[in-house]
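Below, chains carry the letters A, B, ... as their sequence lines are ordered, and counting in each starts from 1. What you see below is based on every heavy atom in this structure, not just the backbone, and it leaves out hydrogens, waters and symmetry mates. None of these values were measured; they are calculated from a predicted model.
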There are 2 protein chains.
Amino acid sequence: MIRINRLTDYAVIVLAEMLRAESLRTVPQLAADTSLPAPTVAKLLKVLAHGRLVTSSRGATGGYSLGRPADAISVADIIEAVEGPIAITMCVEDNDSCCGIESLCSLHGHWTRINQAIRRALTEISLTELARLPAFDMDCWPGPRTKEKVEARKAPCKTKPAP
Amino acid sequence: MIRINRLTDYAVIVLAEMLRAESLRTVPQLAADTSLPAPTVAKLLKVLAHGRLVTSSRGATGGYSLGRPADAISVADIIEAVEGPIAITMCVEDNDSCCGIESLCSLHGHWTRINQAIRRALTEISLTELARLPAFDMDCWPGPRTKEKVEARKAPCKTKPAP
DNA sequence: CTAAAAGGGGACTAATATGGTACTGTTTAA
DNA sequence: TTAAACAGTACCATATTAGTCCCCTTTTAG
């Protein structure tokens, strides 16, 4: 599967929550409203602030708010902020230090076309559209993956016979 | 980044090679012609055969050949054969055993739209188009990642100061 | 009929990447 | 000046990946 990081998903959740009540929100607030662990939300917002998707106010009454109108935030923006440039990186990954000549590597050429197609698709979907969907169903959303939960879930569900 | 498995990239390489000289090819042949490790090529072809992208002939004069015209093989087909269904799996991953009710989970809803957009983009690119590009530049292509190579590459390139 | 060549199908293991956490500043309002 | 909130970095456990190896079945050549 093509997979997007869990963190990127979290980013969408947090941003959607920020859109729902547009005001200055603190990390503890957002963590509570999204049921995500506060440290993770904090880490995420730092990255999003770097990418200018949210703006931060420091100090005792500080917090975060959306950096621009939700219409101007695309899924591509979110993904790029959290995970870096959208690319199905293959041999390219090692090249930044070694061979680095992208234009010569036809292998890379294969995928740039595909990348462009994907990127276009992602650019056309805005945060507004995502947030338009109903609120998360917390009964379904399993929440963050912590040690205890993973352990707890192993027993009742996965009925693998022990080898 | 959105990332595709390295194996999927290998699959494209192998399939392109098979297209270039359409005939019955053995695993050792293909491995040699693509500079990929033979066990990996073998593993890959088994999976591709499962997905009906290649057909296999057994026995002493056996080998593999393309299962259908290259025009009828899309990037989406290749990815699905190697990595399973195209999906940006999020909370859904755990659900097959536990909560499993996709239609209720709006989180899932967020991404199905995106999945569809990506899938469409991938379906429109065929193996023929990929293979039309020039042959791989072997000087650039770093080859498979083996212990020795990884070790060897550490020294001259990454100039991290040892901590 | 036998042996060798080739695919089929797992299982195992090392390396990597990810996600989660903690700790230590720095800024700013009360 | 103190507390609350963001900033930055570094760390560890775990999950996933890719690569390899093993034994089995099928099929053809001799």
- Identify whether B:Met18 and B:Val47 are in the same connected component of the hydrophobic contact network (ILVMFWY, side-chain heavy atoms under 4.5 Å).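 No, no single cluster joins them.
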
- Contacts of type salt bridge (charged side-chain N to carboxylate O under 4.0 Å, His left out), residue A:Arg68, not counting sequence neighbours: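 Result, salt bridge (charged side-chain N to carboxylate O under 4.0 Å, His left out) vs A:Arg68: A:Asp77.
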
Would you indicate, yes or no, if [N] has its OP1 or OP2 atom less than 4.0 angstrom from a side-chain nitrogen or oxygen of [X]?
X	N	result
A:Ser57	D:dA5	no
A:Tyr10	C:dT18	no
A:Thr61	C:dT28	no

- Task: Report the residues that fulfil side-chain hydrogen bond (donor to acceptor under 3.5 Å, both in side chains) with A:Gln29, sequence neighbours left out, ordered by chain and then residue number.
- Result: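 Once residues adjacent in sequence are excluded, A:Gln29 has no partner under the side-chain hydrogen bond (donor to acceptor under 3.5 Å, both in side chains) criterion.
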
- Is there a side-chain contact between B:Val14 and B:Leu36, using heavy atoms and a 4.5 Å cut-off?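 Yes; the side chains approach each other to less than 4.5 Å.
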
- Task: Report yes if some heavy atom in the side chain of A:Val54 is under 4.5 Å from a heavy atom in the side chain of A:Ser65; otherwise report no.
- Result: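 When only atoms from C-beta onward are counted, A:Ser65 and A:Val54 do not touch, as no gap falls below 4.5 Å.
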
- Item | Candidates C:dA29, C:dG20, C:dA5 - which lies nearest the side chain of B:Ala60 |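 Selected nucleotide: C:dA5.
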
- Counting side-chain heavy atoms from CB outward, which of C:dT21, D:dC6, C:dG20 is closest to A:Ser56?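 Minimum distance to the A:Ser56 side chain belongs to D:dC6.
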
- Pairs where residues 51-63 of chain B contributes a residue and the test salt bridge (charged side-chain N to carboxylate O under 4.0 Å, His left out) is met, not counting sequence neighbours: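 Every candidate salt bridge (charged side-chain N to carboxylate O under 4.0 Å, His left out) pair involving residues 51-63 of chain B fails, so no pair, neighbours aside, qualifies.
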
- Message: Rounding to an integer number of Å, can you tell me how far A:Leu24 CG sits from C:dA29 P?
- Response: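 Going from CG in A:Leu24 over to P in C:dA29 covers 12 Å.
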
- Query: Side-chain donor or acceptor of A:Arg58 under 3.5 Å from a matching atom on the base of C:dT26?
  - Reply: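 Present.
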
- Message: Within the 4.0 Å heavy-atom criterion, would you say A:Gly62 contacts the bases, only the backbone, or no part of the nucleic acid?
- Response: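 Sugar-phosphate contact only - A:Gly62 comes under 4.0 Å of backbone atoms but never of a base.
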
- Task: Write out all pairs satisfying side-chain hydrogen bond (donor to acceptor under 3.5 Å, both in side chains) with one or both partners inside residues 38-50 of chain B, taking only residues at least two apart or from two chains.
- Result: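 Counting only pairs at least two positions apart or across chains, no side-chain hydrogen bond (donor to acceptor under 3.5 Å, both in side chains) contact touches residues 38-50 of chain B.
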
- Task: Take B:Gly63 and A:Ala38, find for each the nucleotide of DNA chain C with the closest heavy atom, and name the residue whose nucleotide sits nearer the 5' end.
- Result: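 This one resolves to B:Gly63.
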
- Message: Between A:Glu80 and A:Arg119, does any NZ, NE, NH1 or NH2 come within less than 4.0 Å of an OD or OE carboxylate oxygen?
- Response: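 Judged by the 4.0 Å cut-off on N to carboxylate O distance, A:Arg119 and A:Glu80 do form a salt bridge.
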
- Are any of the side-chain nitrogens in A:Asp33 or A:Arg25 under 4.0 Å away from the carboxylate oxygens of its partner?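 Yes, A:Asp33 and A:Arg25 are salt-bridged.
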
- Where along residues 40-55 of chain A does a heavy atom fall under 4.0 Å from DNA chain D?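 Heavy-atom cutoff 4.0 Å gives A:Lys46, A:His50.
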
- Would you jot down, in residue-number order, the residues of residues 25-32 of chain A having a non-hydrogen atom under 4.0 Å from DNA chain D?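 Close to the strand are A:Arg25, A:Thr26, A:Val27.
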
